[in-house]
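Inspection log for the structure reproduced underneath, given as structure tokens.
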Amino acid sequence: MTHAIETVLVLDFGSQYTQLIARRVREANVFCVVLPCHAPIARIREIAPKAVILSGGPASVYQGGSPRCDEGVFGLGVPVLGLCYGMQLLSEVLGGKVERATHREFGRAQVRLHGHDPIFRGLGACQEVWMSHGDRVEAIPPGWQVLAETDAAPFAAARDPKRPVYGFQFHPEVAHTPEGRTMLRNFLFEVAKLRGDWVMSSFIEDSVAKIRAQVGGARVICGLSGGVDSLVTAALIYRAIGDRLTCIFVDNGLLRLGEAEEVETAFRAHFGKSLVVSHASQRFLSKLAGVTDPERKRKIIGHEFIEVFKEEARKFPDAHFLAQGTLYPDVIESVAAFGGPTATIKTHHNVGGLPAELGFELVEPLRDLFKDEVRRIGVELGLPEALVWRHPFPGPGLAVRCLGEITEARLAVLRRADRIFRDELEAAGLSRALWQAFAVLLPVRSVGVMGDERTYDEACALRAVTSEDAMTADWAELPDGLLRRTSNRIINEVRGINRVVLDISSKPPATIEWE
């Protein structure tokens, strides 16, 4: 017997941890969606959530214009958990009082638990948690029960004893709250009584059915980049409609060493005649000649990609749908698609632009997924491991890693350096543990000595980061021996580079890519 998918709704009030909340819920095999806090109650009812989580946020609930949700959320009759700002909002709306704290809490704190509420089942009386707030609840709503306290926050956790509405002043979703996952799982399974049966196989079945219903008997065009997102998108659609899928791969001359050939070989093995390859390297490089501004590079590449794609797509007059490998972080980070209180980082090439140019209806089967979930689907679909675990690659390709002017000669230098770095990581068994790793060619020349000769060549930066979903990232601490071998090989084997440096910046404040 097939059960309807149980969904938990996270309302985003601008927290940097909102996506982490969603990930924690999904790690418990419960499907979860994120909406901006001002989402209409009609939209929320469409989702029919089995539970609601209110995220944190940077605002103060007592200030005018602070973000609010429709109060109909509290009348849905489902369990509600407010985190940090979410708890303060619950308190403010339901009759409590929130004020600026005389003693702010940022960082680790010890909470003392009261009683034996199901949300803290299996936990000791004292727990380490992560605090991040300058306001605090001075009075909980009438009739509420205190569940936890700290020295600075007398109402670190509380609930309405008459209905499953809870508030935590701390953040259970972050790694700095060691038992935070247990608390969230208790909310999902002890309080909300959810099944926890959302798995990739059921997602695949559901996606295939949705694609067939949306597309009908029409043809779908899918733009392949060589990355796992577009590969899994194509594989899902191919399973749904077979030969009525046409994949277009544009070789823009900005790919990694041997990548165009690898992609074509691997994709033909899976999609056969459904793959069309457009060899457009010279077209892109001629348009980029002399351009150094990164935003102009992106615009030129985006415009030219649309033109090439349009030319290829016109060859299939029965195509009415365009498939894209848009992921959840793409949607969240894009202003046009989200419009919530979360700060915009950048507009992604995947979200918007192309459909308007082509007049196609979008098919985005991965729109609600994170990268690791996409990889799990790829494994379920039996796709090649080398492609499933390929590191993310930006839409503009090496153009945003070849700083300064883009020429065939500089791209060749960058490709060789990048390949050496990735080969060394693979040989050391570290590649899969990293989110991304790549080389960057810098338009900075410095003096060097090779043999008895003076050199005046460019510098190469090595970038390796760990991350869960690219919303935040930490620089990876690589072994000294690996870095030494990589540097020696690049300088000795790649003419044009005489200095190798290591990027040890995290996101934020830096971004993963340099441009």
Side-chain angles (χ1 to χ4, degrees), residues 221-234 247-256 259-260 262-263 267 277-281 283-285 287-288 291 293-310 312-313 322-337 344-358 360 362-364 366-367 369-371 374 387 390-403 406 411 414-415 418 435-440 463 465 467 469-471 473 507 511-515:
I221 299 287
C222 180
L224 294 180
S225 66
V228 64
D229 305 337
S230 60
L231 172 63
V232 173
T233 296
C247 299
I248 298 176
F249 173 55
V250 179
D251 179 3
N252 58 12
L254 301 167
L255 301 175
R256 291 169 286 199
E259 190 164 34
E262 290 172 9
V263 168
F267 279 55
V277 179
S278 176
H279 298 285
S281 298
R283 178 170 175 169
F284 279 83
L285 294 180
K287 296 285 185 179
L288 290 166
V291 177
D293 178 73
E295 202 55 35
R296 278 198 64 205
K297 289 180 185 178
R298 286 181 176 272
K299 289 179 179 177
I300 289 170
I301 294 166
H303 172 78
E304 211 56 35
F305 176 80
I306 289 171
E307 292 303 309
V308 173
F309 203 92
K310 283 165 63 176
E312 296 294 342
L322 173 68
Q324 290 188 161
T326 306
L327 303 191
Y328 216 7
D330 298 339
V331 176
I332 300 304
E333 289 189 352
S334 295
V335 168
T344 300
I345 299 171
K346 62 182 175 179
T347 301
H348 287 257
H349 68 279
N350 276 19
V351 185
L354 195 55
E357 290 284 339
L358 294 170
F360 287 168
L362 272 182
V363 181
E364 296 176 303
L366 309 182
R367 188 179 178 86
L369 299 184
F370 293 100
K371 180 74 75 172
V374 173
L387 290 181
R390 187 189 292 264
H391 286 181
F393 192 58
L398 295 181
V400 294
R401 297 177 181 176
C402 185
L403 278 58
I406 297 172
L411 286 171
L414 175 57
R415 285 191 181 98
D418 179 75
W435 176 264
Q436 263 174 291
F438 53 89
V440 180
R463 179 70 158 149
V465 300
S467 179
D469 51 30
M471 303 295 286
K507 175 187 178 181
T511 55
I512 295 177
E513 299 290 343
W514 276 52
E515 289 188 340

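Looking only at side-chain heavy atoms (C-beta outward), Phe393 and Val228 stay at 4.5 Å or farther from each other. Taking the side chain as every heavy atom from C-beta outward, Leu362 and Gln324 approach each other to under 4.5 Å. The shortest distance between side-chain heavy atoms of Pro396 and Lys297 does not fall below 4.5 Å. With a 4.5 Å cut-off on side-chain heavy atoms, Leu254 and Leu285 count as touching.
Expressed to the nearest 0.5 Å, how far CG of Leu398 lies from CZ of Phe438 amounts to 10.5 Å. Here the CG atom belonging to Leu366 is positioned 8.5 Å from the OG1 atom belonging to Thr326, to the nearest 0.5 angstrom. Going from atom OG of Ser281 over to atom CG of Asn252 covers 7.0 Å, rounded to the nearest 0.5 Å. In this structure, Leu387 CG and Glu262 CD are separated by 8.0 Å, a value rounded to the nearest 0.5 Å. Here the NE2 atom belonging to His279 is positioned 8.5 Å from the CZ atom belonging to Phe249, to the nearest 0.5 angstrom. Here the CZ-CZ distance, from Phe305 to Arg298, works out to 14.5 Å after rounding to the nearest 0.5 Å.
For the pair Leu224 and Leu231, the tightest heavy-atom approach, listed with the atom from each and the gap, is CD2-N, 4.5 Å. The two residues Gly253 and Leu411 make their nearest non-hydrogen contact at O-CD1, 3.7 Å. The heavy-atom pair separating Ile248 from Glu312 by the smallest distance is CD1-CB, 3.7 Å. When all heavy atoms are compared, the tightest approach of Leu414 to Ala439 is CD1-O, 3.4 Å. Shortest non-hydrogen contact noted between Phe284 and Val250 is CE1-CG1, 3.9 Å. In this structure, Leu327 and Leu369 approach most closely via the heavy-atom pair CB-O, 3.6 Å.
With Glu513 as the partner, the side chain to side chain donor-acceptor pair (under 3.5 Å) test is satisfied by one option alone out of Lys507, Gln436, Arg463: Gln436.
With sequence neighbours left out, Arg415 forms a salt bridge (Lys or Arg N to Asp or Glu O under 4.0 Å) with no residue at all. In this view, Arg296 satisfies the salt bridge (Lys or Arg N to Asp or Glu O under 4.0 Å) rule with no residue, not counting sequence neighbours. In terms of the salt bridge (Lys or Arg N to Asp or Glu O under 4.0 Å) criterion, residue partners of Glu259 (sequence neighbours excluded) are, by chain and number, Arg256, Arg390.
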Evaluate side chain to side chain contact (heavy atoms under 4.5 Å, CB included) for Val291 paired with Ile406, printing each intermediate quantity in order.
CA-CA 7 Å; Val291 177; Ile406 297 172; over 6 Å; no
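No donor-acceptor pair closer than 3.5 Å links the side chain of Arg283 to the backbone N or O of Glu304.
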